[in-house]
Amino acid sequence: GVMSHLVARRTAEIGSRMTPGARPADPLTLAAVAALLLASGLAACLIPARRAMRVDPVEALRQP
């Protein structure tokens, strides 16, 4: 949703950049960006999940 909103707001800018001959992004770049976003999303979820798995349930229940 956020990306759709940003693209909609910048449509004129994108069009003006493509007019002088700028080419659209190639599939390799799109795949690399998608892989980078996937890896960062997994890391953002995995790190807190691993920390939560290490918590002892009994100690967590004793906390006020």
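FYI, side chains are in, hydrogens and waters are out, and symmetry mates aren't considered; it's all heavy atoms of this structure. What you are looking at is a predicted structure, and each value in this text was computed from that prediction instead of being measured.
The hydrophobic cluster containing V33, built from Ile/Leu/Val/Met/Phe/Trp/Tyr side-chain heavy atoms closer than 4.5 Å, also comprises L37.
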Table please: side-chain donor-acceptor pairs of residues 41-50 below 3.5 Å, with sequence neighbours left out.
none

Identify every side-chain donor-acceptor pair in residues 4-15 under 3.5 Å, counting partners at least two apart or on other chains, and give the distances.
unit_1	atom_1	unit_2	atom_2	d
R10	NE	E13	OE1	3.1
R10	NH2	E13	OE1	3.3
R10	NH2	E13	OE2	2.8
T11	OG1	V7	O	2.9
T11	OG1	A8	O	3.2
E13	OE2	R17	NE	3.3
E13	OE2	R17	NH2	3.0

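Listed by first then second residue, pairs satisfying salt bridge (charged side-chain N to carboxylate O under 4.0 Å, His left out) with a partner in residues 52-62 read E59-R62, not counting sequence neighbours. Pairs passing the side chain to side chain donor-acceptor pair (under 3.5 Å) check and including a residue from residues 27-39, sequence neighbours excluded, read D26-T29.
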